[in-house]
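A, B, ... follow the sequence lines: proteins, then strands. Residue 1 opens every chain. Not measured: the values here are computed from a predicted model.
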Number of protein chains: 2
Amino acid sequence: MKSGDKRSDCPISSSLDIFGDRWSLLIVRDLMVYKTRTYGDFTKSAERIATNILAKRLQVLEDNGIIIKLPYPDNKVKGLYKLSPKGVDLIPALVEIALWGEKYVSNPNEGSPFLKEVKKNKTKFLKNIMDQLSADDAATSD
Amino acid sequence: MKSGDKRSDCPISSSLDIFGDRWSLLIVRDLMVYKTRTYGDFTKSAERIATNILAKRLQVLEDNGIIIKLPYPDNKVKGLYKLSPKGVDLIPALVEIALWGEKYVSNPNEGSPFLKEVKKNKTKFLKNIMDQLSADDAATSD
DNA sequence: AATATCTACTTGCATTTTGCAAGTAAAAAG
DNA sequence: CTTTTTACTTGCAAAATGCAAGTAGATATT
């Protein structure tokens with residue numbers, strides 16, 4: 001988990017060194033669904049992450065260039081987190097995990113509208129959402 | 001990590017409740033690459049998992065129906081682990097994680113032959129490897 | 001048959017991570 | 001000027017991780 005210690009050169013292993021825990025990908029999920037989030041927003045998600053864990057995960061994700069912290073417009077206390085391009089590129093993996101989870105471990109009667117779209121046309125869904133999040137990137141960088 | 005406690009109904013969250021740690025998906029990776037492994041084989045992988053952790057992860061993965069433990073032919077000590085169909089279905093997620101890792105956190109000069117194939121034709125690669133592992137399923141179940 | 005070795009674990013213990021509850025400091029709102 | 005909101009930090013108990021060593025039964029060796 002600390003930056004610098006890679007267990008091996010395997011890309012899967014190196015990836016898991018960064019986000020192989022129970023929380024990191026949920027943060028990415030929230031940023032995929034909502035585009036931007038404040039610290040407080042994250043604490044309100046269904047899984048109820050503890051604030052100390054949240055702070056650490058946000059730091060690791062930021063250190064690894066997966067998320068970006070921006071100042072909140074006209075407010076010096078709040079911050080706004082969003083996915084970087086590197087973070088946006090995690091969406092295909094996230095979607096595959098979601099599909100697996102829905103198939104094998106989810107309540108059958110609560111299919112999310114998101115996953116319904118994914119199953120209708122995965123390629124189209126990915127292009128749409130990734131383009132959208134990338135467009136936000138371009139917008140905020142000027 | 002214990003069976004039974006789901007943090008929420010989100011399929012991503014529920015999936016991570018099972019394999020959201022630094023080791024589980026490496027076990028799945030080894031079974032994807034090598035088809036079958038003994039306990040000792042796993043301990044020889046590059047990341048050098050400790051034997052107590054390995055035993056626990058194998059148990060959790062077996063409890064969750066992701067891997068299957070078979071007797072080793074003509075040997076009462078050894079066991080042979082392999083992916084179940086549910087485990088085989090994790091391969092698309094694993095491949096996306098590998099692609100992300102190769103793009104962002106891997107040594108640029110060591111592209112695996114596996115990933116080269118994936119990048120040439122992802123759909124074909126997935127079909128081939130998943131069919132192959134499923135065929136092994138059918139063979140061992142009679 | 002006796003012994004050594006191999007295989008799959010288990011156990012003990014130190015370290016690290018997680019999780020909960022409470023606290024804090026600065027900005028914003030009233 | 002006081003209260004509230006926001007983003008954290010801190011202290012501490014519990015759980016997970018990691019290392020090293022131990023064990024028990026099957027297998028190979030002499």
Side-chain angles (χ1 to χ4, degrees), chain A residues 1-8 13-14 16-27 30-31 34 36-64 67-82, chain B residues 1-8 13-14 16-27 30-31 34 36-64 67-82:
Chain A
M1 229 123 237
K2 250 179 226 156
S3 59
D5 40 327
K6 276 171 69 172
R7 287 170 294 174
S8 78
S13 163
S14 303
L16 295 176
D17 285 338
I18 298 172
F19 58 75
D21 68 275
R22 311 229 314 297
W23 294 107
S24 299
L25 288 180
L26 295 184
I27 292 174
D30 284 354
L31 293 177
Y34 296 107
T36 59
R37 295 269 93 179
T38 65
Y39 188 94
D41 289 337
F42 287 117
T43 66
K44 284 163 200 139
S45 284
E47 296 83 11
R48 316 255 84 202
I49 187 170
T51 58
N52 53 347
I53 315 267
L54 175 59
K56 268 186 204 158
R57 292 284 151 254
L58 288 173
Q59 192 60 59
V60 171
L61 290 172
E62 200 186 352
D63 290 347
N64 282 282
I67 65 175
I68 297 170
K69 189 184 183 176
L70 300 168
Y72 194 99
D74 307 322
N75 188 310
K76 284 174 186 165
V77 172
K78 291 186 175 182
L80 252 198
Y81 293 93
K82 56 176 292 228
Chain B
M1 227 127 239
K2 250 178 228 156
S3 58
D5 39 330
K6 274 171 71 171
R7 288 171 295 174
S8 78
S13 164
S14 302
L16 295 176
D17 284 339
I18 299 173
F19 57 74
D21 68 275
R22 311 231 315 300
W23 293 109
S24 299
L25 287 180
L26 296 184
I27 291 173
D30 284 355
L31 293 178
Y34 296 107
T36 59
R37 295 268 92 179
T38 64
Y39 189 92
D41 290 336
F42 287 118
T43 67
K44 284 165 199 138
S45 285
E47 296 83 12
R48 317 253 81 201
I49 188 171
T51 58
N52 52 346
I53 314 271
L54 175 59
K56 267 186 205 158
R57 292 285 150 253
L58 288 173
Q59 193 58 61
V60 171
L61 290 171
E62 201 186 352
D63 290 347
N64 282 282
I67 64 174
I68 297 169
K69 188 182 182 177
L70 301 168
Y72 194 100
D74 307 322
N75 187 310
K76 284 174 188 167
V77 173
K78 291 186 178 184
L80 253 198
Y81 293 93
K82 56 176 291 230

Ignoring hydrogens, what is the shortest heavy-atom contact between B:Lys82 and B:Leu31? Give both atom names and the distance.
C-CD1, 3.9 Å
Hey, does A:Asn52 reach any base, or is it just sugar-phosphate, or nothing, if we go heavy atoms under 4.0 Å?
base
d(CZ, A:Arg37; C1', D:dT6) in whole Å
15 Å
Look at the side chain of A:Thr38 and the base of D:dT6, then say whether one donor and one acceptor between them are separated by less than 3.5 Å.
no
Start at the 5' end of DNA chain C and walk down; is the nucleotide closest to A:Asn75 or to A:Ile53 reached first?
A:Ile53
Touch class at under 4.0 angstrom, heavy-atom based, for B:Tyr81 against every strand present
sugar-phosphate
Looking only at side-chain N and O atoms, does A:Trp23 come under 4.0 Å of OP1 or OP2 in C:dT17?
no
CD1 of A:Ile27 versus P of D:dA7: gap in Å, rounded?
14 Å
Regarding B:Arg22 and A:Asp21, does a basic nitrogen lie under 4.0 Å from an acidic carboxylate oxygen?
no
Of D:dC8, D:dT17, C:dT18, the nucleotide closest to the side chain of A:Asp21 is C:dT18
Presence of A:Arg22 side-chain N/O under 4.0 Å of C:dG19 phosphate oxygens OP1/OP2
yes
How close or far is atom C1' of C:dC9 from atom NZ of B:Lys44, stated in whole angstroms?
14 Å
Between atom CG in B:Leu16 and atom C1' in D:dA16, what is the gap in whole Å?
17 Å
Kindly give the heavy-atom pair with the smallest separation between A:Thr38 and A:Tyr81, and that separation in Å.
C-CD1, 4.4 Å
Any side-chain heavy atom of A:Leu26 within less than 4.5 Å of one from A:Arg57?
no
Integer-rounded Å distance: D:dT5 C1' and A:Tyr72 OH:
12 Å
Between C1' on C:dT7 and CG on B:Leu58, what's the gap in Å once rounded to a whole number?
14 Å
Using heavy atoms to find the nearest nucleotide of DNA chain C for A:Ile49 and A:Asp74 separately, return the residue whose nucleotide is more 5′.
A:Ile49
Whole Å only: how far is the CZ atom of B:Arg57 from the P atom of C:dT10?
14 Å
Specify the residue among A:Val77 and A:Arg7 whose closest nucleotide of DNA chain D lies further upstream toward the 5′ end.
A:Val77
How would you label the contact of A:Phe42 with the nucleic acid (heavy atoms, under 4.0 Å): base, sugar-phosphate, or nothing?
nothing
Validation row: B:Asp41, B:Asp30 side chains within 4.5 angstrom (heavy atoms)
no
Report the distance from atom CG of A:Asp17 to atom C1' of D:dG18, rounded to the nearest whole Å.
15 Å
Are A:Lys69 and D:dC8 close enough that a side-chain N or O sits under 4.0 Å from OP1 or OP2?
yes
Would you say B:Lys78 places a side-chain N or O within less than 4.0 Å of OP1 or OP2 belonging to C:dT7?
yes
